[in-house]
2 protein chains.
Amino acid sequence: MSLPHALLTALIERPGAGSELAGRFDRSIGYFWQATHQQIYRELARLEAAGLIEGTAVDGARGRKRAFRVLPAGRAELARWTAERQEPLPIRDEMMVRLRAEAMVGPTTLLNTLAELAQHHRDRLKTYQDIEKRDFTPPPTDKGQRLRHLVLKAGIEYERHRAAFCEQAMALLSSPSE
Amino acid sequence: MSLPHALLTALIERPGAGSELAGRFDRSIGYFWQATHQQIYRELARLEAAGLIEGTAVDGARGRKRAFRVLPAGRAELARWTAERQEPLPIRDEMMVRLRAEAMVGPTTLLNTLAELAQHHRDRLKTYQDIEKRDFTPPPTDKGQRLRHLVLKAGIEYERHRAAFCEQAMALLSSPSE
DNA sequence: ACGAGCATGTAACCAGTTACATGATTGA
DNA sequence: TCAATCATGTAACTGGTTACATGCTCGT
């Protein structure tokens with residue numbers, strides 16, 4: 001259950017309204033934790049009810065926009081959670097299931113899906129590399145910045161690895177069977 | 001929604017009872033798709049109700065054990081699903097959230113958690129490498145076997161990558177701040 | 001014959017998903 | 001003034017999780 005803590009972190013980094021957070025979950029934070037606006041609003045309501053954040057009306061804005069900031073209790077809760085033990089990520093990789101199924105009931109058109117997926121990962125790799133060039137040259141010396149850089153580099157390695165995997169699987173599937 | 005298809009694949013590879021499948025989801029299949037026995041029994045009941053699999057009582061077994069095998073309709077459904085378009089995996093990486101939180105409210109005891117996690121990934125890496133040595137030397141020429149080998153190699157790369165990441169994060173967190 | 005443990009479930013809950021709804025403001 | 005769009009939701013559903021329950025048989 002990391003969404004509330006991802007929200008607290010984001011709001012400490014910069015306070016803002018639900019819609020702004022939704023935007024950030026489509027970009028920076030969203031690269032390692034995804035959430036829809038429905039989830040975000042629901043969770044903000046819970047955090048506010050629990051007294052961890054506080055929202056104040058933003059006037060001169062559309063609708064009934066409210067900016068949230070983290071209260072001391074929210075900071076404390078975030079610190080508590082950060083120090084908590086963590087179980088390894090449960091892995092659920094649909095493509096691995098598909099490949100194993102392909103070995104049983106193939107051949108199918110899995111090759112097309114792999115090509116699309118490879119392109120997706122190459123695109124995202126490019127995006128990350130652009131961010132790295134823009135934000136982390138020269139490499140930062142500040143610890144917070146170095147942590148963020150590390151997270152980004154993990155994303156870069158991940159995308160590179162996934163793209164390469166798709167390409168290997170494509171090569172295997174399109175090789176003549178024997 | 002890949003669990004039913006993971007089950008169909010597993011049952012084509014080798015028919016068996018729910019408890020046997022639960023065992024396989026703790027080993028081979030479980031390395032890329034996890035499921036508890038509750039999920040497995042629920043899903044088997046659905047697949048049977050949909051006419052995709054068939055269960056027959058195993059006598060001489062404990063309890064009311066039933067062996068399931070995949071019916072032609074099940075094979076057809078698996079082939080249909082395998083050829084389906086696939087969205088990229090949604091990413092939800094709790095450790096990345098923690099690292100970014102650490103940058104805001106740290107330092108915490110995150111270092112301990114990272115050490116545990118690194119050990120977990122090194123252990124699993126060792127397991128995979130042992131499986132590779134046992135099952136895939138010499139490298140297979142059969143296409144199905146090569147596909148399985150590819151899936152295993154992806155697992156190996158994943159664990160290696162995660163372990164290295166944890167070690168880098170530990171080095172960064174324990175370096176003197178400036 | 002009886003406890004340990006295997007095989008199969010039930011029930012309640014929670015996070016995430018999908019589809020739709022409402023109120024306010026801006027711009028043509 | 002009214003359509004487009006922004007900001008904030010509500011409702012219903014689904015897959016996965018956690019805790020507990022039941023029936024059977026094997027070994028002692």
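The analysis underlying the following values was restricted to heavy atoms, covering all of them including side chains, and did not include hydrogens, waters or symmetry mates. A quick note: this is a predicted structure, and the numbers were derived from the prediction, not measured. Numbers restart at 1 for each chain; the letters A, B, ... are given by sequence-line order, proteins then strands.
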Between [N] atom [atom2] and [X] atom [atom1], what is the distance in whole Å?
X     : N      : atom1 : atom2 : value
B/L3  : D/dG16 : CG    : C1'   : 9 Å
B/L89 : C/dG16 : CG    : P     : 15 Å
A/D59 : C/dT26 : CG    : P     : 12 Å
B/Q34 : D/dG15 : CD    : P     : 18 Å
A/F25 : D/dA7  : CZ    : C1'   : 17 Å
A/D26 : D/dC6  : CG    : P     : 13 Å
B/I40 : D/dG16 : CD1   : P     : 11 Å

Subject >> Candidate list A/L44, A/L47, A/L78, test side-chain contact (heavy atoms from CB on, under 4.5 Å), partner A/L11, passing option >> reply: A/L44
Subject >> Set of ring pair (Phe, Tyr, Trp, His ring centres under 6.0 Å) partners for A/W81, sequence neighbours left out >> reply: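 Ring pair (Phe, Tyr, Trp, His ring centres under 6.0 Å) check on A/W81 returns A/H5.
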Original post:
Between B/R98 and A/Q86, is any side-chain donor less than 3.5 angstrom from a side-chain acceptor?
Top reply: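 There is such a pair between these side chains.
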Subject >> A/E159-A/H121 side chain donor-acceptor pair, cut-off 3.5 Å >> reply: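 Present: a donor and an acceptor within the cut-off.
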**OP:** Output yes when at least one side-chain N/O atom of B/R46 is less than 4.0 Å from OP1 or OP2 of D/dG15, else no.
**Re:**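 Indeed, a polar side-chain atom of B/R46 lies that close.
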Subject >> Under-4.0 Å side-chain N/O to phosphate OP1/OP2 contact, B/Q39 with D/dG15 >> reply: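 Indeed not, no polar side-chain atom of B/Q39 lies that close.
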**OP:** Could you encode protein contacts along nucleotides 5-10 of chain C as a string, one character per nucleotide from 5' to 3', using B for base contact, S for sugar-phosphate-only contact and - for no contact, with a heavy-atom cut-off of under 4.0 Å?
**Re:** -SSBBB
**OP:** Output yes when a side-chain donor or acceptor of A/Q145 lies under 3.5 Å from a complementary backbone atom of A/D142, and no otherwise.
**Re:** no
Subject >> Same cluster (ILVMFWY, side-chain, under 4.5 Å), B/L7 and B/F32 >> reply: yes
